[in-house]
Trainee: 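Okay, handing you the structure first.
These numbers come from a predicted model, not from an experiment. Numbering of residues begins at 1 and proceeds along the displayed sequence.
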Amino acid sequence: MSRREQIGLVLAGALVAAAGAADYGGAGAVPTFVVSAFALAMLASLVGAATEQLGGRMGSAKAGVVQSALGNLPELFIALFALHKGLIRVVQAALIGSVLANSVLVLGLAFLVGGLRHGTQSFHSPRARITATLAVLAAATLSVPTLAHRLHSPAAAHSHTLSLICAGVLLAVFVVTLPSYLFGSLETEEPDPPRWRLPDSIGVLLAAAVGAVFVSDWFVNALRPAIHSLHMSQDFAGLVIVAIAGNAVENVVGVQLAARNRPDFAIAVILNSSLQVALALTPVLVFASLLFATHLTLVFPTLLALSLVISAVLGALVVNDGEATWQEGVVLVGFYVVVASSFWWGT
């Protein structure tokens, strides 16, 4: 483990301690909110570093799946704590914001940084196309309850049941398609040899996961008063703040991999995260909400549902040719800024 990585471990521990002190010490909602967000980002960076070391043992394709799954842990914890507090609108916006952030913002930043450093980058198009296509199909499935509700169809009166059906189908698709990613013969690129011992990688992952549980709780405790203090809408808080904080692994690691001229691994991490949010995380939260007083449904505000489908389609379009350019990155980042801005004003 390099000195820089050791410093990262110490810094992450210090930020977790600071977030805990802010929460228990009554430092105020906004300071706790900000420190917790930075702590989540540092924990995500540790997860990314440890999983990259695992990639040297299992290959970049499998590591991308594992990294995306572990990278979604903070968001899972944040969503569960938010559901417990009845922040359904924030959870819905955060789920869609995760797809939007990965399919548009993080992908755009990866294209931008990678393109400026290395010119046009090529990646294994068939693998990326399959992942992106599945993400589009999943986004379309998630949008059906919203369409049924907005179009006043007979199914509108049964939105909760329809949401459970959609969640069950998406989970079944996830279970069926997961083996092809873990055990498929198609490998995208030769991974770097691992520098960490296997126990070190596993230990860092476990420690980061435990830290994420506590920090997520502190983050959500400060979320509602911070929203009020900062005069932002719940939709913006979920779509932008919670989604970016919860997906910090992909935000950091995806761009880092593109900067290192490893576009295949970068695309695998970024797109797999969007796919896993749609196929696994969202359905799990729909079923988990049955344990809480307020149930999560897939009836989203109309603009959120449209943003979900548009972001998934854009992600599929830009990876279709197997090449990444910095110009595509600029357009994707600009589109994200426009969409995020449209949710700043609350009702």
Trainee: Spell out, as yes or no, whether a donor-acceptor pair under 3.5 Å connects the side chain of Ser163 to the backbone of Leu298.
Mentor: yes

Trainee: Might you confirm whether atom CZ of Phe287 has over 12 heavy atoms from other residues, nucleotides or ligands at distances under 6.0 Å?
Mentor: yes

Trainee: When you compare the side chain of Val319 with that of Phe123, does any pair of heavy atoms fall below 4.5 Å?
Mentor: yes

Trainee: Provide the closest heavy-atom pair for Ser122 versus Pro263 in the form atom of the first, atom of the second, distance.
Mentor: O-CG, 3.2 Å

Trainee: For the hydrophobic clusters of this structure (ILVMFWY residues joined by side-chain heavy atoms under 4.5 Å, transitively), does one cluster hold both Ile244 and Phe38?
Mentor: yes

Trainee: Could you report the tightest heavy-atom contact between Val277 and Leu95, atom names first, then the distance?
Mentor: CG1-O, 3.6 Å

Trainee: So which atom in Pro283 and which in Leu171 form the shortest heavy-atom distance, rounded to 0.1 Å?
Mentor: CB-CG, 3.5 Å

Trainee: Answer yes or no: does atom CZ of Arg117 have more than 12 heavy-atom neighbours from other residues, nucleotides or ligands under 6.0 Å?
Mentor: no

Trainee: Can you name the one residue among Leu40, Leu43, Leu76 that meets side-chain contact (heavy atoms from CB on, under 4.5 Å) with Ser216?
Mentor: Leu40

Trainee: Please tell me whether Trp326 and Leu109 are part of a single hydrophobic cluster in this structure, the criterion being side-chain heavy atoms less than 4.5 Å apart.
Mentor: no

Trainee: Just say parallel, tilted or perpendicular for the rings of His295 and His160, cut-offs at 30° and 60°.
Mentor: parallel

Trainee: Taking ring pair (Phe, Tyr, Trp, His ring centres under 6.0 Å) as the definition, give me every residue that meets it alongside Phe219, ordered by chain and number, with sequence neighbours left out.
Mentor: Phe33

Trainee: Distance check, rounded to the nearest 0.5 Å: Phe174 atom CZ versus Leu281 atom CG?
Mentor: 10.0 Å

Trainee: Does the side-chain contact (heavy atoms from CB on, under 4.5 Å) test come out yes or no for Leu112 and Val330, once each step is laid out?
Mentor: CA-CA 6 Å; Leu112 177 60; Val330 170; 3.7 Å; yes

Trainee: Restricting to non-hydrogen atoms, name the atom on Ala19 and the atom on Val35 that form the minimum distance, rounded to 0.1 Å.
Mentor: N-CG1, 3.6 Å

Trainee: side-chain contact (heavy atoms from CB on, under 4.5 Å), that's the test. Do Leu304 and Phe343 meet it? Break it down for me.
Mentor: CA-CA 9 Å; Leu304 280 176; Phe343 286 96; 3.6 Å; yes

Trainee: At what distance, to the nearest 0.5 angstrom, does CD of Gln92 lie from CG of Asp235?
Mentor: 8.5 Å

Trainee: How would you list all residue pairs meeting salt bridge (charged side-chain N to carboxylate O under 4.0 Å, His left out) that involve residues 199-217, not counting sequence neighbours?
Mentor: Arg197-Asp200

Trainee: Mark yes or no for whether Glu75, through its side chain, and Ser98, through its backbone, hold a donor-acceptor pair below 3.5 Å.
Mentor: no

Trainee: Determine, stepwise, if the pair Val16 / Phe214 fulfils side-chain contact (heavy atoms from CB on, under 4.5 Å).
Mentor: CA-CA 8 Å; Val16 170; Phe214 289 98; 5.7 Å; no

Trainee: Can you find a heavy atom in the side chain of Asn221 that is under 4.5 Å from one in the side chain of Thr32?
Mentor: no

Trainee: How long is the span from the CG atom in Leu162 to the SG atom in Cys166, to the nearest 0.5 Å?
Mentor: 4.5 Å

Trainee: Going only through I, L, V, M, F, W and Y residues with side-chain contacts under 4.5 Å, is there a path from Leu83 to Val299?
Mentor: no

Trainee: Check whether any side-chain heavy atom of Leu80 lies under 4.5 Å from a side-chain heavy atom of Val91, and answer yes or no.
Mentor: no

Trainee: How long is the gap from NE2 on His118 to CZ on Arg260, to the nearest 0.5 Å?
Mentor: 10.5 Å

Trainee: So, Ser273 side chain and Ile270 main chain: donor-acceptor pair closer than 3.5 Å or not?
Mentor: no

Trainee: Using the rule that Ile, Leu, Val, Met, Phe, Trp and Tyr join whenever any side-chain heavy atoms are under 4.5 Å apart, tell me whether Val210 and Phe81 fall into a single cluster.
Mentor: yes

Trainee: How close do Leu100 and Ser307 get, counting heavy atoms only, and between which atoms?
Mentor: CD1-O, 4.1 Å

Trainee: Any idea which heavy atoms bring Ala312 and Ala135 closest together, and the distance?
Mentor: CB-O, 3.9 Å

Trainee: If two hydrophobic side chains count as joined below 4.5 Å and joins carry through other members, does Val338 share a cluster with Met232?
Mentor: no

Trainee: Is a side-chain donor-acceptor pair under 3.5 Å present for Thr297 with Ser159?
Mentor: no

Trainee: Using 0.5 Å steps for rounding, measure from the CG atom of Leu303 to the CD1 atom of Ile96.
Mentor: 9.0 Å

Trainee: Looking at CE of Met42 and CG of Leu11, how far apart are the two atoms once the value is rounded to the nearest 0.5 Å?
Mentor: 4.0 Å

Trainee: Phe111 and side-chain contact (heavy atoms from CB on, under 4.5 Å): which partner among Ile267, Val331, Val106?
Mentor: Ile267

Trainee: Go through Thr141 and Val173 one step at a time and tell me if the side-chain contact (heavy atoms from CB on, under 4.5 Å) criterion holds.
Mentor: CA-CA 11 Å; Thr141 303; Val173 172; over 6 Å; no

